[in-house]
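Reviewing the structure listed below.
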Protein chains: 2
Amino acid sequence: MVRWEPGAGGRLREAAMELYVERGFEQTTVAEIAQRAGVTARTFFRHFADKREVLFAGSDDLLAALTRAVAEAPAEASPMTVVAAVLDVAGGLLGQDHERTRQRQSIIEAHPELQERELIKLARMSAGVAEGLRERGVPAPEAALAAEAGLAVLRVAFGGWVSASDPGDLRVAMRETLAALRKVTAS
Amino acid sequence: MVRWEPGAGGRLREAAMELYVERGFEQTTVAEIAQRAGVTARTFFRHFADKREVLFAGSDDLLAALTRAVAEAPAEASPMTVVAAVLDVAGGLLGQDHERTRQRQSIIEAHPELQERELIKLARMSAGVAEGLRERGVPAPEAALAAEAGLAVLRVAFGGWVSASDPGDLRVAMRETLAALRKVTAS
DNA sequence: AGCGTGATGTCACTTGATGACATGACCATA
DNA sequence: TATGGTCATGTCATCAAGTGACATCACGCT
């Protein structure tokens with residue numbers, strides 16, 4: 001006889017998504033999430049640092065992929081070229097599962113606490129990319145600027161892609177938005 | 001005899017800053033802040049929505065100043081020119097009181113919860129500027145990009161200015177950083 | 001004097017979050 | 001087979017954040 005079903009983390013993620021959709025974020029308690037997942041509230045907090053974190057489970061993987069993309073970019077590439085490569089990777093990873101992403105994003109946009117968490121995750125991405133650029137020999141301010149510019153592109157492109165009724169490839173949107181950024185900043 | 005000393009909000013801000021410096025953010029309770037300010041914990045929450053907000057009291061004024069700067073920019077100015085004007089205003093307001101700002105920032109940087117709050121405040125600035133640009137007739141994606149680019153400049157310039165041992169005028173740093181952004185994105 | 005208003009205090013309560021300890025399935029190894 | 005360790009979980013206790021409801025009382029106005 002099993003003492004507990006495996007995969008508690010995944011079940012908690014599912015349950016949380018469902019409940020956040022059904023009643024909203026503040027209206028659902030951790031106890032309810034845990035109950036639906038068949039575990040205790042205490043177990044919830046062993047899998048996720050807090051009630052918000054459950055919506056941002058994949059972000060560590062994304063960060064890792066982005067920093068890898070920085071490291072693996074051609075040595076002669078300019079900082080913005082590296083950032084473009086990073087955006088391509090990000091677009092590939094974020095641009096799957098439009099419907100699910102859209103649902104998740106609508107939860108986040110309805111709750112400032114969740115937006116805060118999302119913003120700090122994105123800030124960590126930017127910081128990670130900047131650090132990677134510095135390790136490639138890019139001077140610190142230039143690295144930070146390139147990374148922040150990339151973040152600007154990502155935010156705008158992703159926002160448009162999520163809210164689009166007929167979304168194309170997010171990577172394409174990223175490239176177009178990067179081009180638009182170049183045009184805007186040049187004016 | 002006065003029933004209570006006026007200026008509870010200001011006293012709470014002072015007390016919170018002091019305690020956050022003395023023991024760190026999580027180690028100080030709202031009850032302690034309130035006690036030092038001579039009020040009740042309940043009163044703290046009447047002045048500030050939560051324990052973090054007390055560090056971001058001026059941000060509404062800043063946002064208002066920035067949106068005003070957008071509205072008051074010359075009609076023929078390009079989006080990035082408007083953003084440059086906004087950055088000048090931001091630099092003027094944020095660039096006072098280096099020592100106090102530095103202290104406040106060191107508290108924020110030591111606590112992710114506070115970084116989250118700061119990021120959402122900045123995101124609101126960006127959103128406000130973008131909205132102002134749209135009201136000037138700038139197409140939505142371009143407006144968002146210009147505002148986000150401005151935010152990138154602000155973050156990098158402000159970060160450098162805060163950590164500088166001998167800070168110059170933040171507005172100058174803003175202009176230089178904006179020029180650097182133009183150079184970086186153009187590569 | 002009477003009256004409303006506004007900032008505060010008091011109390012009770014829910015919920016998020018954490019520490020300490022117990023439990024029992026699973027695994028390796030003697 | 002037995003023994004012991006590990007790991008995920010449960011249980012219990014506790015603290016602190018945050019909120020709603022109601023009382024209080026100085027002040028200004030009429």
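Under a 4.5 Å side-chain heavy-atom cut-off, the cluster of Ile, Leu, Val, Met, Phe, Trp and Tyr residues that includes A:L114 is completed by A:L12, A:M17, A:L19, A:Y20, A:V21, A:F25, A:V30, A:I33, A:V39, A:F44, A:F45, A:F48, A:V54, A:L55, A:F56, A:I107, A:I108.
Judged as a salt bridge (charged side-chain N to carboxylate O under 4.0 Å, His left out), and not counting sequence neighbours, A:E109 has no contacts. A search for salt bridge (charged side-chain N to carboxylate O under 4.0 Å, His left out) contacts involving A:E18 returns A:R36, not counting sequence neighbours.
When each of B:G7 and A:T29 is assigned the nucleotide of DNA chain C with its nearest heavy atom, B:G7 is the one assigned upstream, toward the 5' end.
One interatomic measurement links the two molecules: NZ of A:K51 to P of C:dT18, which rounds to 14 Å at whole-angstrom precision. Atom P of nucleotide C:dT15 and atom CG of A:L19 are separated by 14 Å, given to the nearest angstrom. To the nearest angstrom, P of D:dA8 lies 14 Å from CG of A:L12. As a whole-Å value, the separation of B:R117 CZ from D:dA17 P is 14 Å. Between A:R52 atom CZ and C:dG16 atom C1' there is a gap of 10 Å when expressed in whole angstrom units. Following rounding to the nearest Å, A:E26 (CD) and D:dG20 (P) show an atom-to-atom distance of 12 Å.
Residue pairs meeting the salt bridge (Lys or Arg N to Asp or Glu O under 4.0 Å) criterion with at least one partner in residues 58-73 of chain B, sequence neighbours excluded, do not occur; the list is empty. Residue pairs satisfying the side-chain hydrogen bond (donor to acceptor under 3.5 Å, both in side chains) criterion with at least one member in residues 131-147 of chain B, sequence neighbours excluded, are absent.
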Can I get a per-line list of side-chain donor-acceptor pairs under 3.5 Å for residues 120-127 of chain A, giving both atom names and the distance, sequence neighbours left out?
from, atom 1, to, atom 2, distance (Å)
A:K121, NZ, A:E53, OE2, 2.6
A:S126, OG, A:E148, OE2, 3.2

Taking only distance into account, with no hydrogens and no angle test, what donor-acceptor pairs under 3.5 Å do side-chain atoms of residues 170-177 of chain B form with protein atoms, sequence neighbours excluded?
from, atom 1, to, atom 2, distance (Å)
B:R171, NE, B:D169, OD1, 3.3
B:R171, NE, B:D169, OD2, 3.4
B:R171, NH2, B:D169, OD2, 2.9
B:R175, NE, B:D88, OD1, 3.2
B:R175, NH2, B:D88, OD1, 2.8
B:T177, OG1, B:A173, O, 2.6

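DNA chain D is contacted by no residue of residues 106-114 of chain A, taking any non-hydrogen atom closer than 4.0 Å. For the contact set between residues 30-50 of chain A and DNA chain C, defined by any heavy atom under 4.0 Å, the members are A:V30, A:R42, A:F45, A:R46, A:A49, A:D50.
Of the charged side-chain nitrogens involved, at least one lies within less than 4.0 Å of a carboxylate oxygen, so that B:R117 and B:D50 count as a salt-bridged pair.
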